[in-house]
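Each chain gets a letter, A, B and so on, in the order the sequences are listed, and its residues count up from 1. Fair warning: this is a prediction, and the values are worked out from it, not measured in the lab.
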Amino acid sequence: MLAQARSWWRAVTGQSRLAGEMASEMDGHMERYAADLVAGGVDPGEARRRARIEFGSTAAAAEECREAVGLRWPDELARDLRYATRVLRKSPTFTAAAVATLALCIGANTAIFSVVDAVLLRPLPYPQHERLAAVSRFWKEKGASGDNTPQTGSTWEAVRDGATYLDSAAFSDGSKGVNFTAGGSVEYVQQQRVSAGFFRVLGIAPLIGREFSADEDRKGGPAVTLLSYALWKRIFHEDPTIVGQAVTLRGEPYTVLGVLPASFRSTAPADLWTPLRPIANGEGGGSNYHIVSRLRPGATWAQADAQIEAVGAPVLPKSLDKVRLRLISFQRGLTSDVRKPLLMLWAAVGLVLLIGCVNIAGLLLARAAGRTREMATRMALGSGRAALIRQMLAESVLVGLCGGAAGAALGWLGVKGLKVLAQDSLNVWQTVDLNWRVLAAAGGASIAAAILFGLYPAMVASRIEIRAALGEAGRGVAGARNPWPRRLLVASEVALSVVLLVGAGLLIRTFAHLQGLNPGFDAHGVISASLSLQDARYATSQSVNRLFDQSLSRIRELPGVESAAVTLSLPYESTLNTGLRRLDGVHADAAKEYQITNFLYVTPEYFRVLRIPLLRGRVLTSADAGATAPVVMVSEAFVKMYLRDDQPLGRHLDLGFGDRREIVGVAGDVQQKSGWGEEYGPVAPVPAVYVPAAQTDDKFLQLVHGWFSPSWIVRTAGPPEGVIAGMQRALEAVDPRLPFAGFHSMEDVRYRALAQERFQAALLGALAGLAMLLAAVGIYGLIASSVAERTRELGIRLALGATVPQAMRAVALPGVVLALAGVAAGSVLAGFASRILGHVVWGVRPGDPLTFVAVGVGLLAVAAAASFLPALRVTRLNPAETLRQE
Amino acid sequence: MGKQVDILQGTLDMLILKAVSLGPLHGYGILLRIQQVSRDALQVPQGSLYPALYRLEHRGWIAAEWGESENKRKAKYYSLTGAGRKQLKSERQEWKRLAAAIGDVLAAEPEEA
């Protein structure tokens, strides 16, 4: 077996050597025979002649030899491909159209697949990644279900202590910007918090040094950190003595324990790591931890899954008995938020490829009509039907390969653009590139597409009556060929386009809805800058508020500044959510009953800077400070949700500070990202409470500054450039070791908040546009070739007194009718398909009639244009000439 | 010279294996050897010799090597491989069984009625 494979491979790869050897071997044979004959007394010329005759045909012998070493099908393939090249070269228009169509489709698929591959398919870069899992809270409710990977501190403790089949570690979601000081320069770096054993569970050993021990991962443990290779290289020039040295992080000295390898990628982009120090209360009271587990040797997933469910039962909320802990693949756990949008895009781009295939199949069917005589001749000469199909498939595959190569080139360009978009809007931070996997997929898709679009036309074309086809001489009055296969293809193309267009329409309407929401504030002329206060020097409310007061008063003095304030989070961004109790009024909550709201601390001028209207009561003032009675402002949505039919002013709330806060004012709603609830869109007027920054306590500030970087917002009268420099100087004068992380206009903030929706709408819109173009080309081609086929019939009709408009209608009508059928079928399909968009569509129902009608009417208009345009050729027909032509 | 006999394909393979088992030979040499040993009773059709050689080489029963022939010309020499030796042995046994069986059939006396 092996010997045969080797011999075959040698034969295939050494074609010219093989031919040369055969020729020289057979020539030698004949010469030796001739020499023997000469020795026997035969004349040399006669001897050579006899040797050749007795040997027989060397070509036939060589052919048999090639077959003997298994070269039959490679030989036939080469012959088919040579012939296919000749055929395709002779019809450049068809070839160009087919290759271009395929190139566009494969290009789009390659680009999207590169992202899908990077995020969802490529194995995580950890040893034995298939033994890694994320611990998830699996919920099921009203037919819907889902996985939540963030877990509370008590869940983590239960898993750590109880799930013995697993080696588990906890880590914080994403990474946070912090201030890092080394060698006199201040840097803003990304810090990720991970528990002891995190790197062990991932299977990564530090390049130098060691990872956090359980003692260091405990409340009050020593301040230690691990550095990324990139940071170590950039700041410490790969100094190996760094282990044991101190760096300044968040204003405190931290001892460097080690450096991770250059190839290591954590679960979020990070420059350095600090111990997570998970606890069951405080931060751990909310779902702020993620858990990664590695299946221990000898354990099975079934055992581990059963155990984790049992471990989770006591710590999960009792009232929600439909929730249980389970294990999901770690990759799935890390990509849960981008999984659906990406799969949706993948499906859309696959649909475009399908439409492209249908389109090329239509072109091939049209060509088959023109090749009847060629096929009939070849069959008459002894070619079998299978050989004809194989020959035509070779043509398709050749088109597929050319289209695939051009598509890969287009995809390469697409990946470059998509990379930027994906990083901005999908939070994809894995390396997206055009690697061999993507190229192999593109190649496979091209070949599969070629067979998909080539097989059916080839079967149709080879099903012919030889005598009829040769006798007919391509005349016929009304085109003898059955037009229905091609018509069905065009109708299905239209139907598939409807699905894509409806999907794109819904996403565009969603984006328009979100974009059109009243922001609730005046973004014009406001710039913002955030900075990290996760800093030992700002551990108290007093120091934080001193920083706010001093920096703001300097900023207010800057020329061009109208007003300035600090807020925990900006509009359009996500913010802290917190529990609350209504202490009095109509809806007073029972002792252990909590509601949930967004929470912001602000300095008093916040509402003035953003021009948020005051609806009732008063705004916060600088008099609302630590010593005075605790107050709070609430948003209108808060009143609607929690204080409906009540008098909000004067009511008291418990916001978890252990005091009674009086509601002194109601502010207009502001668009914000909600930290909870499936009922809110990407941005929504979420219920919010505003607490004066001066009335917050130390513990609370330390906690929230670990999660959020507060923002300075400034309303300017003139251009912002001078103000930005002024703000930096003002902050530097107050604290030279505190850098702003970056300046953004409020318009920028708003733009970024809708990045994902914009990306999806734009990409799906472009794909749907491509689909519509392909469908239009398909209809155009159908009508154009039908005009060409029916020239004679049309000539007769015109000669018999039909008017030009009548003749045009006769030709173009099938196009419109087919489009109508396609739109009807497509609308039904889209009705089903749009349901899966339920979770990304906001402000519009998935069955939105406007979208469906607009898509239907638009597509019909395009179809009508694509039908009547080629029908115009009828106006140039001269009946007399057409009839004479034969 | 006696009467010449055409050779069946399977038989040709066996004869080639036998011919090269006595030492490496080029194609023409194999032809000559078979004719000599059979005292010209077996006539190998020249056109089908080479496909048979390529088939046997492809199966790994004979190995080919380029060398110089008696008249200083390059020639491809075939020799028997280990696998070929095994094959020849089993084919020879098969042939003997077949020949014996046919011999038995032909030697049978007509039964007296």
Side-chain angles (χ1 to χ4, degrees), chain A residues 1-40 44 47-75, chain B residues 1 4 6-7 9-10 12-13 16 19-20 24-36 40 43-87:
Chain A
M1 243 359 251
L2 196 69
Q4 281 187 45
R6 212 181 300 133
S7 142
W8 181 83
W9 179 246
R10 252 164 39 92
V12 171
T13 52
Q15 295 272 0
S16 62
R17 181 181 45 79
L18 186 70
E21 282 187 12
M22 273 183 211
S24 108
E25 196 176 4
M26 291 182 208
D27 284 349
H29 178 105
M30 283 182 274
E31 274 173 39
R32 276 184 206 99
Y33 185 37
D36 282 355
L37 288 175
V38 170
R48 270 201 294 280
R49 204 180 67 86
R50 270 177 49 191
R52 262 203 303 279
I53 290 172
E54 282 186 38
F55 192 90
S57 159
T58 51
E63 182 78 35
E64 273 187 65
C65 288
R66 293 174 65 81
E67 267 183 40
V69 295
L71 280 179
R72 185 189 166 121
W73 68 260
D75 280 354
Chain B
M1 202 206 281
Q4 289 184 353
D6 282 343
I7 301 172
Q9 192 195 336
L12 176 60
D13 288 1
I16 292 173
V20 297
L25 284 173
H26 52 64
Y28 184 60
I30 293 171
L31 199 79
L32 289 183
R33 168 136 334 144
I34 293 174
Q35 284 175 4
Q36 273 165 17
D40 284 340
Q43 191 68 28
V44 179
Q46 299 189 35
S48 51
L49 173 67
Y50 286 91
L53 284 173
Y54 274 80
R55 189 167 50 244
L56 293 175
E57 187 191 353
H58 183 63
R59 290 189 182 150
W61 293 338
I62 56 176
E65 204 180 351
W66 284 89
E68 268 192 4
S69 75
E70 58 290 345
N71 54 358
K72 297 285 169 206
R73 281 190 48 98
K74 267 177 65 110
K76 203 172 168 192
Y77 281 90
Y78 295 93
S79 55
L80 200 63
T81 64
R85 200 170 302 282
K86 242 184 266 166
Q87 177 68 19

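The two residues A:Cys65 and B:Pro51 have their closest heavy-atom pair at SG-N, 3.4 Å.
Heavy atoms closer than 4.5 Å to chain A are found in the side chain of B:Leu32, but not in its backbone. There is no contact between A:Glu63 and chain B, counting heavy-atom distances below 4.5 Å. Heavy atoms of A:Met30 lying under 4.5 Å from chain B are absent altogether.
For B:Trp66, the CH2 atom is densely surrounded, since the number of other residues' heavy atoms within 6.0 Å is greater than 12.
Two residues are said to be in side-chain contact when any heavy atoms from C-beta on lie closer than 4.5 Å; A:Glu25 and B:Tyr54 meet this criterion. Within the 4.5 Å cutoff, the side chain of B:Pro45 has no heavy atoms near those of the A:Phe55 side chain.
Atom CG of B:Leu49 and atom CE of A:Met26 lie 9.5 Å apart (nearest 0.5 Å).
Taking the six-membered ring where tryptophan is involved, the planes of B:Tyr50 and A:His29 are perpendicular, since the angle between them exceeds 60° and thus also 30°.
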